[in-house]
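If you read the sequence from its start, that first residue is 1, and numbering goes on from there. What you are looking at is a predicted structure, and each value in this text was computed from that prediction instead of being measured.
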Amino acid sequence: LELCHHQHLRYNPLRDTWVLVSAHRMKRPWAGQVEKAPEEHIPRHDPRNPLCPGNTRANGEVNPDYDSTFLFENDFPALQPDAPDPGSDQHPLFQSKAARGVCKVMCFHPWSDVTLPLMKRQEVVKVIDKWAELVEELGSTYPWVQIFENKGAMMGCSNPHPHCQVWASSFLPNEPALSDRCQRAYHQKHGEPLLLQYAKQEAEKKERVVVETSDWLAVVPYWATWPYQTLLLPRRHVLRINDLTTEEREGLADIMKRLLTKYDNLFETSFPYSMGWHGAPTGPHLTEDNSHWQLHAHYYPPLLRSATVKKFMVGYEMLAQDQRDLTPEQVNIVKCTVPSFVQYRVTH
């Protein structure tokens, strides 16, 4: 049976769910919504942009004239450290509990017209070092520290300046809680971390590998839901991003640049995506056995056919289960060469 020609289900062991793969659906004509093409010219410094060096943000604070990464408290945080506790005397169908935390914004670079693949390797290393520092600092008390980047207007990003967000919460959110349960169950049954074994299998098969180095592996996961979704994994057993060695952080900067360059080359556009890091829980979980965990990053891009046609998760996906329109083996990011639309050019 050639899976690329027939619809079938694939199991996602990180979520204990199934994905419907319908490879033939890409042949159907498209007369649906076409997105607005991304802005081609972004000024290096916009005096009206609240993320640029020296500019004033919504709360009246003035940014320093930073020349590297810049971290500040989110002016409109979804989590605050002093929220009240709703109490425990509740009906089982109307439950609520306290949600506390902090939300930070981190600018990658002082220039608005660069993205991670266009930054120098050492500039990306500084971003990774700051991520690790934040997990170390916030993770000393909070159970979960979520690093995530929404890139592009299609992913709801309202500011083109290169940046990410870091939310630390007093609770373990739904996705990492589910991933924790699934990885723990696999480890108990098979005696090794799920994603460590998965990386070994993918490195041998070479069917879905996008980029690989001696320390890192980026693949379109076998169970991918989004058309050009990727999973970035260290080859060594690593629990959290702050556990990475200096060499592994430099290698991570290299493979991130290569992966994101491939994305940009795919449809010759600055590729939109949501990405985020998942690692072992922190705070009170630091003293627990988390050997079932493996550090990894998810990249979820919305594009399907071109720079202006995206995959819609509606109807069947919302009411039944995830469905994708081509197999992970068919996606051409795996075959996309590096030097094309975006090259490793020095922008300084």
inquiry  = Closer than 3.5 angstrom, by distance alone: can the side chain of His278 be matched with the main-chain N or O of His298 as a donor-acceptor pair?
reply    = no
message = Using a strict threshold of under 4.0 Å (side-chain N to carboxylate O), is an ion pair present between Glu212 and Lys206?
response = yes
task = Using the ring pair (Phe, Tyr, Trp, His ring centres under 6.0 Å) rule, collect all pairs that involve residues 196-216, keeping only residues at least two apart or in two chains.
result = Tyr198-Trp223
remark   = Minimal heavy-atom distance between Pro328 and Val220, with the atoms involved, is CB-CG1, 3.6 Å
task = Measure centre to centre between the rings of Phe72 and Tyr66, then say whether the value is under 6.0 Å.
result = no
task = May I ask you to check whether Glu317 and Gln321 show a side-chain donor-acceptor distance below 3.5 Å?
result = no
message = Do Ser96 and Gln90 pair up side chain to side chain, a donor and an acceptor below 3.5 Å, judged on atom types alone?
response = yes
inquiry  = Do the side chains of Asp215 and Arg235 get close enough for a salt bridge, i.e. N-O under 4.0 angstrom?
reply    = no
request  = Would you check if there is a donor-acceptor pair between the side chains of Asn74 and Gln165 at a distance under 3.5 Å?
outcome  = yes
ask   = Think Arg208 forms a cation-pi with Tyr222, using NZ or CZ under 6.0 Å from the six-ring centre and within 45 degrees of its axis?
value = no
note = Heavy atoms of Asp82 and Arg100 approach each other most closely as C-NE, 4.5 Å
inquiry  = Checking Tyr186 against Glu192: is there a side-chain donor and acceptor pair closer than 3.5 Å?
reply    = no
ask   = Do Trp167 and Phe148 have ring centres separated by under 6.0 Å?
value = yes
Pair Gln323-Lys311, side-chain donor/acceptor within less than 3.5 Å = yes
query = Using a distance-only test with no angle check, is there a side-chain donor-acceptor pair under 3.5 angstrom linking Ser179 and Glu175?
reply = no
query = Can any side-chain N or O of Tyr263 pair as donor or acceptor with the backbone N or O of Tyr228 at less than 3.5 Å?
reply = yes
inquiry  = Assess, by modelled atom type and distance only, whether the side chains of Tyr11 and Asp16 contain a donor and an acceptor separated by less than 3.5 Å.
reply    = yes
query = Is there a donor-acceptor pair under 3.5 Å between the side chain of Glu250 and the backbone N or O of Glu247?
reply = no
inquiry  = Any side-chain to backbone donor/acceptor pair from Thr69 onto Val127? Under 3.5 Å, distance only.
reply    = no
ask   = Do His237 side-chain atoms and Ser291 backbone N/O form a donor-acceptor pair below 3.5 Å?
value = yes
request  = Check the side chains of Asp180 and His285 for a donor-acceptor pair under 3.5 angstrom, ignoring hydrogens and angles.
outcome  = no
task = Before accepting this row, confirm whether a basic side-chain N of the pair Arg121/Asp254 lies closer than 4.0 Å to the acidic partner's carboxylate O.
result = yes
remark   = side-chain hydrogen bond (donor to acceptor under 3.5 Å, both in side chains) with Ser112: of His163, His161, His45, Arg44, only one passes, and it is His161
query = If we ignore angles and hydrogens, is there a donor and acceptor under 3.5 Å between the side chains of Asp264 and Ser270?
reply = no
query = Would you call Lys205-Glu202 a salt bridge at under 4.0 Å N-O?
reply = no
task = Ignoring hydrogens and angles, tell me if any N or O in the side chain of Gln294 forms a donor-acceptor pair with the backbone of Val238 under 3.5 Å.
result = yes
request  = Could you tell me whether Asn174 atom CG has more than 12 heavy atoms of other residues or ligands within 6.0 Å of it?
outcome  = no
ask   = Short question: side chain of Gln229, backbone of Trp226 - any donor-acceptor pair under 3.5 Å?
value = yes
ask   = Apart from Leu239 itself, what residues make up its hydrophobic cluster, given side-chain heavy atom links below 4.5 Å?
value = Trp144, Leu172, Trp293
Heavy-atom donor-acceptor pair, Lys104 side chain to Leu71 backbone, under 3.5 Å = no
inquiry  = Quick check: closest heavy atoms across Asn55 and Asn49, and the distance to 0.1 Å?
reply    = ND2-O, 2.7 Å
